[in-house]
Amino acid sequence: MEATIYSILSNDADIQSILEDTTWTGTGTEYKIFHQAAPQDKVEPYITYQRITTDPHDTKDGVSTLDVVDVDVDIWATTNADLVSIAAKVRAALDRKEEGTYGGDEIQSIRFTGQNSNYNEATQLHHITQTFSVRQKNP
């Protein structure tokens, strides 16, 4: 599931233009999109994401063939204007994503389920958490 979120976000042109990591010196392109936590040396804005819950839909005959996974996508920025802009792009990229295979995972649908925001005085970062419900088909 984590590969799905990274794949969709890192392949979205609007998000690419904002979150390309220009300090990356490796081969290929790196984006400031991280599973669970960003490295300390990363400059804002950036995105983190993590799986929150997995709800299996069991069958009488065996293991679940479909899981509903709740995922939090956290957007971090130094200005509220950047934060709101990036959050809108993230929602547009993920909400009601078509059925298909992304990052090696087969999904049935992705649905935006909510958002909250805050400001961290200690880090001076604006922060929005968006929650998505992902219906993932199991092999």
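Across every non-hydrogen atom of L66 and S64, the tightest pair is O-OG, 2.6 Å. Closest of all the heavy-atom pairs between M1 and V71 is CG-CG2, 4.0 Å.
Within the model, atoms CD of Q108 and OG1 of T65 stand 9.0 Å from one another, a figure rounded to the nearest 0.5 Å. The distance from the NE2 atom of H126 to the CG atom of N118 is 10.5 Å, given to the nearest 0.5 Å. A distance of 9.0 Å separates CD1 in I5 from CG in D105, rounded to the nearest 0.5 Å. Summarising the geometry, atom CD belonging to Q136 is positioned 10.0 Å from atom CD1 belonging to I110; distances are rounded to the nearest 0.5 Å. Rounding to the nearest 0.5 Å places CZ of R135 at 10.0 Å from CG of D55. From D72, atom CG reaches atom CD1 of I52 across 3.5 Å, with rounding to the nearest 0.5 Å.
Contact check for T29 versus E20: side-chain heavy atoms found under the 4.5 Å cut-off. The shortest side-chain heavy-atom distance between Y31 and Y6 falls under the 4.5 Å cut-off.
Side chain of D67 to backbone of V69: no donor-acceptor contact under 3.5 angstrom is found.
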N/O donor to acceptor pairs below 3.5 angstrom from side-chain atoms of residues 38-51, sequence neighbours left out:
from : atom 1 : to  : atom 2 : distance (Å)
K42  : NZ     : D21 : OD2    : 2.4
T48  : OG1    : W76 : NE1    : 3.1
R51  : NE     : E2  : OE2    : 3.1
R51  : NH1    : T54 : OG1    : 3.1
R51  : NH2    : E2  : OE1    : 3.3

Show me, pair by pair, the donor-acceptor contacts under 3.5 angstrom made by side chains of residues 91-103, not counting sequence neighbours?
from : atom 1 : to   : atom 2 : distance (Å)
D95  : OD1    : F112 : N      : 2.9
E99  : OE2    : K137 : NZ     : 2.5
Y102 : OH     : E98  : O      : 2.9

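Applying the side chain to side chain donor-acceptor pair (under 3.5 Å) test to D12 and every residue at least two apart in sequence or in another chain returns nothing. By the side-chain contact (heavy atoms from CB on, under 4.5 Å) test, T113 is found to be paired with R111, T131, S133, residues two or more places apart in sequence or in another chain being considered.
H127 and D74 form a side-chain donor-acceptor contact under 3.5 Å, judged by distance and modelled atom types alone.
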Step-by-step side-chain hydrogen bond (donor to acceptor under 3.5 Å, both in side chains) determination, T53 to D70: CA-CA 5 Å; T53 61; D70 288 333; 3.1 Å; yes
Intermediate values then yes/no, side-chain contact (heavy atoms from CB on, under 4.5 Å), V134 and V68: CA-CA 6 Å; V134 181; V68 178; over 6 Å; no
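One hydrophobic cluster holds both L9 and I18 under the rule that ILVMFWY side chains link at heavy-atom gaps under 4.5 Å. No path of Ile, Leu, Val, Met, Phe, Trp and Tyr side chains, each step under 4.5 Å between heavy atoms, connects I128 with L125, placing them in separate hydrophobic clusters.
Each side-chain hydrogen bond (donor to acceptor under 3.5 Å, both in side chains) pair with one or both residues in residues 79-89, not counting sequence neighbours, appears once here: T79-D82. Listed by first and then second residue, the ring pair (Phe, Tyr, Trp, His ring centres under 6.0 Å) pairs that reach into residues 54-75 come to none, sequence neighbours excluded.
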